[in-house]
Amino acid sequence: MDFKEIMKRRIWAHVIILIISLLVALSAYIFLDGEMRRNFIQLGIVLAVVKVVRIISCTITLNSDEKVKRLEISEKDERNLSIARKAKSAAFFISVIAFAIVSYIMGIAGYSEIAKAIFFCVCFMLIVYYFVYLILQRNG
Amino acid sequence: MENKIRDLRKQKGITQDELASELEVTRQTIISLENGRYTASLQLAFKIARFFGKPIEEIFIYEEE
């Protein structure tokens with residue numbers, strides 16, 4: 001698919017998320033109150049601002065063939081992809097270890113329910129990892 | 001893995017930017033390749049070999065560990 005077409009689709013995705021963000025903020029304003037109301041309004045507005053910035057930057061890029069080409073090369077560059085894969089892999093294992101430590105500390109501190117919940121999350125992440133690993137090993 | 005990309009590029013009289021643009025990779029990738037910090041994929045190795053008009057084994061030197 002032409003990269004410009006991909007960019008256009010991305011802009012549409014940003015527009016959809018922008019609308020959802022505004023709806024979150026609006027519905028929080030109408031239906032909620034107290035701290036929840038403030039939190040959801042803030043979340044919706046922050047997301048909406050981020051999406052507006054992304055839409056503007058994508059539109060500016062889309063108007064310049066050179067910028068589109070540069071972005072395409074940067075996104076398809078095999079070294080960048082390899083770095084992204086390594087970063088994801090490292091992030092996963094660091095998260096698992098960090099969660100395991102937090103679970104242990106929570107357990108010692110007497111928050112056994114939270115410790116249990118975090119422990120099950122860690123177990124779930126590891127099960128998903130091994131499951132995906134087996135699938136990739138079979139099909140890769 | 002060592003390679004002769006820098007020498008071949010200089011022989012051809014082109015910049016890292018121009019080579020990157022020809023191979024459709026970033027300039028950072030060319031820098032890493034030339035410094036030996038990154039090993040090209042088979043696909044990129046073929047592209048490089050084709051660009052310089054040389055066989056892969058003349059550009060990339062395989063060293064057994």
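These figures come from a predicted structure and were not determined experimentally. Every heavy atom of this structure was used, including side-chain atoms; hydrogens, water molecules and symmetry mates were not.
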Student: So if you build clusters from Ile, Leu, Val, Met, Phe, Trp, Tyr with side-chain heavy-atom gaps below 4.5 Å, do B:Ile48 and B:Ile31 land together?
Tutor: no
Student: Write down the atom of B:Thr26, the atom of A:Ile73, and the distance for their closest heavy-atom approach.
Tutor: N-CG2, 3.8 Å
Student: Examine whether an atom of B:Gln43 lies under 4.5 Å from a heavy atom of chain A, and if so say whether it belongs to the side chain, the backbone or both; otherwise answer neither.
Tutor: neither
Student: Are A:Val132 and A:Phe93 connected in a single hydrophobic cluster, I mean Ile/Leu/Val/Met/Phe/Trp/Tyr linked by side-chain heavy atoms less than 4.5 Å apart?
Tutor: no
Student: Is there a path from A:Val24 to A:Val46 through hydrophobic residues (I, L, V, M, F, W, Y) whose side chains come within less than 4.5 Å of each other?
Tutor: no
Student: Can you tell me how far apart CG (A:Asp77) and CD1 (B:Ile30) are? Round to the nearest 0.5 Å.
Tutor: 8.5 Å
Student: With a 4.5 angstrom heavy-atom cut-off, could you sort out which part of B:Ala20 is near chain A: side chain, backbone, both or neither?
Tutor: neither
Student: Which value, rounded to the nearest 0.5 Å, describes the distance between A:Ile83 atom CD1 and B:Ser32 atom OG?
Tutor: 7.0 Å
Student: Does B:Phe52 CZ have over 12 foreign heavy atoms under 6.0 Å away?
Tutor: yes
Student: How long is the straight-line distance from OG of B:Ser21 back to CZ of A:Arg70, given to the nearest 0.5 Å?
Tutor: 11.0 Å
Student: Checking heavy atoms, do the side chain of A:Lys69, its backbone, both or neither come under 4.5 Å from chain B?
Tutor: side chain
Student: Are A:Val15 and A:Leu47 connected, step by step, through hydrophobic side chains (Ile, Leu, Val, Met, Phe, Trp, Tyr) whose heavy atoms are closer than 4.5 Å?
Tutor: no
Student: Hey, could you give me the CZ/OG1 distance between A:Arg79 and B:Thr39, rounded to the nearest 0.5 Å?
Tutor: 11.5 Å
Student: Is it true that A:Leu71 and A:Ile11 fall in one hydrophobic cluster, defined by side-chain heavy atoms closer than 4.5 Å?
Tutor: yes
